[in-house]
Amino acid sequence: MRRGVGIQAVQKHTLQQKQLQTIGEQINQDSVNKIKDQLVVFKENLEQFAIKHKKDIQKNPEFRKHFNDMCLMIGVDPLASGKGFWSQVLGVGDFYYELGVQIIEVCLKYRSSNGGLIEMNLLLEYIRKMRGKNSIEISCDDIESAIGKLKVLGNGFNILKIDSKKIVQSVPCELNKDHTDVLVVAQQKGFTTVSIIQSELKWNLERTNSVLNFLLQEGIAWIDDQSTEVMYWFPSLWGNSFEN
Amino acid sequence: MTNKEATAFQFPVYYNKEPFFTVQPVLDTRKKQFQMWRDLILQYCSSLKIYELDLLESIKSNSILFFNQKINRRLSIESLKLIIQDIVDNGYAEWLDKDKSRVLILWRKPEEWASLLYKWVSDCGLANSILTVWEIQNGDDSKSQEFYQLNTAVLMKSLKALEKQNKAQIFSSNGDDSNLGVKFFSV
């Protein structure tokens, strides 16, 4: 006789399932707790490490970068707040806050001549000059971190990679791939023309003109009509200051 | 203005950038560009003590200020007119004729000259005495002053500014403009 599927069997099956689930949850909970414990220990060690190497973190930009990376990996953000243990020990909250303000100042100052694009190295040079000789040494990584923090304020700041150059964008206009492609082409000489774009990127005239016009309207490009073909120049790619 | 004199002048970096010599079509960029041109022209004229520019003459003679031989870029006469008009609008220049072919460059505004003059008069104890315009420009007392050999038109504007402040009075000794004198008052 075939054993029918009785109500008891069904009940037994669900019970088993439930028990298995509870055990499963327990094991999960245990391992989560274990990891949490480990993290607590790790955080403690990290804090001790931070206290011990406070000076290096403040003075050595490369060391600071590695430390920040390590912190981010375990979900500690020493830059996020101006209060609390991290900023008390390291003063990093203030450090990046201050740097952020300096970045904004420099970008605004040169916005009208470069259209809001500035090369990372030039920005770094200006900020170093602004901070003076006796302040904490800063690196490009610090600027990137500070810009990351500035993103909280909206989409104003961005870092573009143009070939090997990094360019900080401080205007909220949306640069798409076409725009950055033109910058890549122009990167080497600091200028480009309609025919260079057409031959390098294989675009038709309409697309070329529309992209170049956009860059012109946004103040990113300046034109020069004293050559055989109209040249579009990009002050942000010149590497040195246009203004001084 | 000869190009020889200009070699001592330190041109800004942007003077060596090609698009600087083409008037920019986008308004915001052009504003910035004109401001840069204004700074350059005023600084150049100030360091070489130039008070008057003949626009067409400057262009024709390849004045180094408006023609950068190294990058082979020059300002057109039309562009130069726009730039000078911008300087006039900002109060740092005045057209000398209706055709706008010549311009008086005021790298110091008359009011600024006026206060320099008045300070000099007070410091030298010349208040309440009479000086000729020629003496102010060429006299021994003013040799060390910035306004030594100051352009007559600029000087007259400055003296008129002092007159308005009741600090001086201009008069003519023989009824015409050839021999002008000025009396300074102590206030």
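Each chain gets a letter, A, B and so on, in the order the sequences are listed, and its residues count up from 1. The structure displayed is predicted, hence computed values, not measured ones.
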**Message:** Please determine whether the number of non-hydrogen atoms from other residues, nucleotides or ligands lying under 6.0 Å from atom CD of A/Glu62 exceeds 12.
**Reply:** no
**Separation of A/Asp224 CG from B/Arg73 CZ (nearest 0.5 Å)** = 4.0 Å
**Request:** Can you establish whether the number of heavy atoms outside A/Lys161 located under 6.0 Å from its atom NZ is more than 12?
**Result:** no
**Prompt:** To the nearest 0.5 Å, how far apart are NZ in B/Lys32 and OH in A/Tyr110?
**Reply:** 9.0 Å
**Minimum heavy-atom distance A/Leu216-B/Pro25, with the two atoms named** = CD2-CG, 4.0 Å
**Request:** Enter the distance from A/Met231:CE to B/Glu18:CD here, rounded to the nearest 0.5 Å.
**Result:** 7.0 Å
**Request:** Assess whether atom NZ of B/Lys119 is packed by more than 12 heavy atoms of other residues, nucleotides or ligands within 6.0 Å.
**Result:** no
**Item:** Closest approach of A/Trp222 to B/Met36 (non-hydrogen atoms, all atoms of both residues)
**Value:** CH2-SD, 4.2 Å
**Asked** So do the side chains of A/Gln226 and B/Phe21 get within less than 4.5 Å of each other, counting heavy atoms only?
**Response** yes
**Prompt:** What's the spacing between B/Gln33 CD and A/Ser112 OG if we round to 0.5 Å?
**Reply:** 11.5 Å
**Asked** So, the side chain of A/Gln217 versus the backbone of B/Val26: is there a donor-acceptor pair under 3.5 Å, distance only?
**Response** no
**Side-chain donor/acceptor of B/Thr22 to backbone N/O of A/Asp225, under 3.5 Å** = yes
